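What follows is a short report on a single structure.
Each chain gets a letter, A, B and so on, in the order its sequence line appears, and its residues count up from 1. Nothing here was measured: the structure is a model prediction, and the numbers come from that model.
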Amino acid sequence: MTVRTRFAPSPTGYLHIGGVRTALFNWIFARKHGGQFILRIDDTDAERNVDEALAPILSGLRWLGIDWDEGPGVGGPHGPYFQSQRAAGHGAAVERLLASGHAYRDFARPDELDEERKAAQAAGKPYLYSRRFAAFDDAAAARFATEGRTSVVRLKMPREGTLVIHDAVRGRVEFAWEREQDHVIQRADGSCLYHLASVVDDHDFAISHVIRAEEHLSNTPRQAFIAMSLGYPLPAYAHLPLVAEPGSRTKLSKRKLSQYLKNHDFKQVMEHGQRIAERIGLAADADTFNPVIVDFYREVGYLPWAIDNYMALLGWSLDDKTEFFSRDDLVRHFTLERINSSPASFDPKKLWAVQDHYMARLTTDEKLGLMLPFLVRARLVAEPPPEEAVATVRRVIEASGERLKVAGDILGYADFFLVDEPPMDDAAVKQRLAKPGVRPLLERAIAVLGGVDVFHPAEIEAACKGIADAAGLKIGDLIHPIRVAVTGKSVGPGLYDCLAILGREKSLARLARALPLCG
RNA sequence: GGCCCCAUCGUCUAGCGGUUAGGACACGGCCCUUUCAAGGCUGGAACCGGGGUUCGAGUCCCCGUGGGGUCACCA
């Protein structure tokens with residue numbers, strides 16, 4: 001049997017991090033078995049602008065390297081891949097269910113249903129529709145219609161017996177049919193609802209494995225009923241554990257950002273992103289600038305594979321020690337059996353650590369390629385980037401080493417090399433420059449550094465040590481003021497590297513300019 | 001509330017009857033000291049509870065408890 005999996009997002013305007021995990025597992029599983037991964041757009045409820053709401057989802061998936069064999073943009077033999085365009089098939093399925101007695105037209109009004117529900121509740125009994133407005137033949141339908149009633153189509157769910165599902169991650173799961181409701185599958189206007197459409201489309205697409213989040217486990221009986229009633233073989237099911245909130249077991253939600261920000265780690269990651277966003281002119285308060293949404297990571301400069309790798313570890317593991325996987329290894333080692341069944345809370349700090357790991361392994365040129373665009377967007381480098389600026393940035397990247405965790409971090413480490421007069425950080429000035437004795441020290445530095453033969457880190461270091469020794473000071477007493485004078489701030493790459501990259505002329509000019517700020 | 005799922009360090013997890021309960025992130029301490037979400041070393045930290053089964057239970061069974069999901073003419 002050919003393995004065919006699918007990810008079926010609805011066009012919501014953003015790609016949720018939990019959705020990424022679902023898409024990823026479907027993708028990996030299809031790749032592992034040489035099958036196909038299909039992208040279907042569940043837009044049956046769509047009155048909104050689908051194109052606009054879909055774009056971030058498609059581009060997010062592409063960015064993450066989750067490519068689809070059939071779906072929007074690539075087509076395929078089972079198209080169309082937009083659920084809204086498959087209405088004819090859904091309608092035909094409803095007719096078949098009606099004809100076979102697995103569904104019925106129901107003429108009840110919402111208030112009548114409410115009444116039944118409340119009565120059941122008051123009696124402390126599980127609600128089950130009485131079917132008293134169900135029309136099981138044309139005569140009944142005609143009678144209800146003359147009363148001015150309109151009808152929807154409901155599933156005629158079994159009221160005895162048990163459904164047994166063999167879930168790939170949960171094992172055997174049982175449901176009593178009598179607890180299942182007669183769900184509506186078609187509205188009065190003929191449009192069909194999600195469960196019906198989904199089952200029909202999955203069958204039409206020959207989906208072999210339905211891999212989705214656990215929130216759908218309870219939906220499985222009604223979907224299985226639809227499939228069985230239509231004579232479809234059931235797909236294999238695998239219900240993934242929920243991606244939960246940081247430090248909790250509750251489903252992660254885009255709307256609870258302000259609550260998550262109370263979590264220290266979450267807040268740190270968010271604020272770090274905001275600093276970058278502000279510098280590249282991105283609306284950091286935008287709805288989608290949110291660590292629950294993939295755009296956040298892309299905009300801040302995370303590596304897509306770091307996200308994939310981290311997400312793969314959320315609910316799945318290979319063994320007790322392997323944490324980093326190449327794409328091929330992940331596909332090779334992945335099995336549904338090793339998916340965990342308990343909810344996994346999303347830990348932005350751990351993602352950060354995975355990101356750190358991969359970023360540290362990039363070559364300078366790779367980092368350059370990722371980081372230059374950030375500098376361009378922040379208007380620190382012209383477009384196209386002049387050769388000189390590129391050379392400077394390359395040296396900054398090398399000097400910064402593992403301090404650069406995400407591509408956007410380059411902004412804070414390269415800015416003072418790329419502008420003529422970097423802004424001076426007040427706190428840093430106060431702490432390092434505006435102190436007695438600093439001015440003569442800097443004057444001495446100007447004199448000595450002006451005479452250094454070659455303006456390279458090693459020579460600069462020797463010169464600085466000479467100054468400190470002569471003055472009977474610790475090297476730090478000299479270096480901190482110089483750093484602030486030259487870069488405007490108190491953090492950055494190693495100072496000797498900074499001076500060398502900046503060059504003698506600019507270094508001395510900046511030292512001179514800082515003199516009036518000294519104590 | 002009904003139904004369903006889940007339960008090992010704060011978090012992600014390993015464990016598939018006999019382990020000093022392992023790893024990673026986070027956290028603490030120490031070192032380095034030229035800053036840092038830089039680096040090095042190091043430490044603390046877990047089997048939800050109660051019954052069984054068994055020579056032996058984190059591991060199997062049952063019952064509690066706790067957490068979560070779902071119960072739409074949303075997807």
Side-chain angles (χ1 to χ4, degrees), chain A residues 8-12 42-46 83 106 110 113 120-121 124-127 150-154 165 167 169-170 173-176 178-181 183-189 191-195 197-198 213-221 239 241-242 244 246-251 264-265 268-269 272 310 313-324 340-354 356-357 400-406 409 412-413 428 432 461 464 474-480 482-484 487 489-498:
Chain A
S10 51
T12 51
D42 282 5
D43 58 347
T44 53
D45 189 40
Q83 201 158 61
D106 182 49
L113 260 13
Q121 202 172 6
K125 285 197 219 156
Y127 166 68
T150 56
S151 68
V152 298
V153 176
R154 284 182 188 279
I165 293 291
D167 189 275
V169 342
R170 267 148 240 282
V173 183
E174 280 188 36
F175 299 90
E178 62 179 341
R179 289 284 174 272
E180 299 298 321
Q181 304 297 325
H183 293 279
V184 174
I185 53 174
Q186 188 179 48
R187 300 183 182 93
D189 67 2
S191 62
C192 291
L193 265 22
Y194 167 73
H195 295 291
S198 185
E214 195 208 307
E215 55 193 290
H216 287 288
L217 186 56
S218 313
N219 296 331
T220 306
H239 287 94
L242 243 34
S248 147
R249 307 299 239 196
T250 309
K251 183 166 70 169
H264 176 75
D265 294 343
Q268 250 189 322
V269 165
H272 176 264
Y310 171 71
L313 259 18
L314 220 49
W316 177 86
S317 66
L318 173 63
D319 53 29
D320 61 338
K321 41 185 63 100
T322 317
E323 296 221 280
F324 301 108
N340 232 47
S341 49
S342 51
S345 66
F346 177 71
D347 181 355
K349 232 24 195 311
K350 178 92 182 219
L351 202 200
W352 175 270
V354 175
D356 184 10
H357 175 269
S400 299
E402 296 187 15
R403 277 171 271 248
L404 300 167
K405 305 296 189 188
V406 302
D409 284 339
Y413 285 94
R432 301 296 189 187
E461 178 173 3
C464 288
K474 287 190 298 181
I475 192 70
D477 295 330
L478 174 65
I479 270 178
H480 293 304
I482 295 182
R483 176 188 294 284
V484 175
T487 71
K489 43 182 150 183
S490 55
V491 301
L495 181 72
Y496 308 131
D497 289 315
C498 286

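- Looking only at distances, no side-chain donor or acceptor of A:Arg179 sits under 3.5 Å from a matching main-chain atom of A:Ala176.
- Residues A:Ser400 and A:Pro246 both approach RNA chain B. Their nearest nucleotides, taken by heavy-atom distance, put A:Pro246 toward the 5′ side.
- Across all strands shown, nothing is found opposite B:G44 as a Watson-Crick or G-U wobble partner with both distances under 3.5 Å.
- A donor atom on one side chain and an acceptor atom on the other are found under 3.5 Å apart for A:Arg187 and A:Ser191.
- When the C1' atom of B:U70 is taken as reference, atom OH of A:Tyr127 falls 17 Å away, rounded to whole Å.
- Rounded to an integer number of Å, the gap from A:Leu242 CG to B:A7 P is 14 Å.
- Atom NE2 of A:His357 is separated from atom C1' of B:A38 by 17 Å (rounded to the nearest Å).
- Residue contacts shown for A:His183 are absent, as no nucleic acid heavy atom lies under 4.0 Å away.
- Residues A:Cys498 and A:Pro493 have side chains in contact (heavy-atom distance under 4.5 Å, counting atoms from C-beta outward).
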Please encode protein proximity along nucleotides 1-6 of chain B as a string of B, S and -, counting only heavy-atom distances under 4.0 Å. -SSSSS
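- Phosphate contact (OP1/OP2 of B:U11, side-chain N/O of A:Ser345, threshold under 4.0 Å): absent.
- Across all strands shown, A:Ser490 has heavy atoms under 4.0 Å from base atoms, whether or not it also approaches the sugar-phosphate.
- Between A:Asp356 atom CG and B:A37 atom P the separation is 13 Å, expressed in whole Å.
- Checking A:Gly315 against A:Val184, the closest nucleotide of RNA chain B that is more toward the 5' end is the one next to A:Gly315.
- Atom name C1', nucleotides B:U70 and B:C12: the rounded distance is 26 Å, in whole Å.
- B:U65 and B:G49 are spaced 15 Å apart, taking the P atom of each and rounding to whole Å.
- The distance from atom CG of A:Asp43 to atom P of B:C74 is 15 Å, rounded to the nearest whole Å.
- Counting non-hydrogen atoms under 4.0 angstrom, A:His195 reaches a base of the nucleic acid.
- The side-chain contact (heavy atoms from CB on, under 4.5 Å) check on A:Ser151 picks up A:Arg105, A:Phe107, with sequence neighbours excluded.
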Show your reasoning for whether side-chain contact (heavy atoms from CB on, under 4.5 Å) applies to A:Tyr127 and A:Gln121. CA-CA 7 Å; A:Tyr127 166 68; A:Gln121 202 172 6; over 6 Å; no
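- For B:U19, there is no paired nucleotide, since no Watson-Crick or G-U wobble pair has both relevant distances below 3.5 Å.
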Protein-nucleotides 20-26 of chain B N/O pairs closer than 3.5 Å?
unit_1, atom_1, unit_2, atom_2, d
B:G22, N2, A:Asp320, O, 3.3
B:A24, O4', A:Glu323, OE1, 3.1
B:A24, O2', A:Glu323, OE1, 2.4
B:A24, O2', A:Lys350, NZ, 3.2
B:A24, N3, A:Lys350, NZ, 3.1

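- Side-chain atoms of A:Arg187 lie closest to B:A75 of the nucleotides B:A75, B:A14, B:G68.
- When the P atom is compared between B:C3 and B:G18, the two are found 36 Å apart, to the nearest whole Å.
- The P atoms of B:G67 and B:G51 are separated by 23 Å, rounded to the nearest whole Å.
- Between the side chain of A:Ser317 and the backbone N or O of A:Leu313, no donor-acceptor pair lies under 3.5 Å.
- Atom CG of A:Asn219 is separated from atom C1' of B:A72 by 11 Å (rounded to the nearest Å).
- The closest donor-acceptor contact from the side chain of A:Thr487 to the backbone of A:Lys489 lies under 3.5 Å.
- Taking only side-chain atoms of A:His272, from C-beta outward, the nucleotide of B:A38, B:A75, B:A37 with the closest atom is B:A37.
- When heavy atoms are screened at a 4.0 angstrom cut-off, A:Gly401 is found touching no nucleic acid atom at all.
- The distance between atom NE2 of A:His216 and atom C1' of B:C71, rounded to the nearest whole Å, is 14 Å.
- A straight line from CD1 of A:Ile185 to P of B:C73 spans 12 Å, rounded to a whole angstrom.
- Using a 4.0 Å heavy-atom distance criterion, A:Leu314 is classed as a sugar-phosphate-only contact.
- In this view, A:His272 and A:Trp352 satisfy the ring-ring contact (aromatic ring centres under 6.0 Å, His included) rule, not counting sequence neighbours.
- Considering only side-chain atoms of A:Lys251, the nucleotide from B:U13, B:C73, B:G69 that sits closest is B:G69.
- Taking the P atom of each, B:A21 and B:U54 are spaced 25 Å apart, rounded to whole Å.
- No donor-acceptor distance shorter than 3.5 angstrom exists from the side chain of A:Asp106 to the backbone of A:Val152, with no hydrogens or angles considered.
- Rounded to the nearest Å, the gap between the C1' atom of B:G58 and that of B:G39 is 38 Å.
- Below 30°, between 30° and 60°, or above 60°: for A:Phe346 and A:Tyr310 the angle between ring planes is above 60°, a perpendicular geometry.
- With a 3.5 Å ceiling on both atom-pair distances, the Watson-Crick or G-U wobble partner of B:A7 is B:U65.
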Sugar-phosphate atoms are those with a prime plus P, OP1 and OP2; base atoms are the rest. Using that split, label each nucleotide of nucleotides 42-47 of chain B B, S or - for protein heavy atoms under 4.0 Å, 5' to 3'. ------
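- Distance check on atom P: B:G50 versus B:G15 gives 25 Å, rounded to whole Å.
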I'd like a list of close polar pairs between nucleotides 61-65 of chain B and the protein, N/O only, cut-off under 3.5 Å.
none

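- Taking atom C1' on both B:U8 and B:A14, the two are 10 Å apart, rounded to the nearest angstrom.
- The partner of B:A72 is absent, by the rule that a Watson-Crick or G-U pair needs both atom distances under 3.5 Å.
- Distance from the side chain of A:Gln181 is smallest for B:C71 among the nucleotides B:G68, B:A38, B:C71.
- Taking only side-chain atoms of A:Arg483, from C-beta outward, the nucleotide of B:A14, B:G39, B:U35 with the closest atom is B:U35.
- A:Glu214 has no carboxylate O lying under 4.0 Å from a charged side-chain N of A:Lys251, or vice versa, which leaves the two without a salt bridge.
- With hydrogens and angles disregarded, a donor-acceptor distance shorter than 3.5 Å links the side chain of A:Arg170 to the backbone of A:Ser341.
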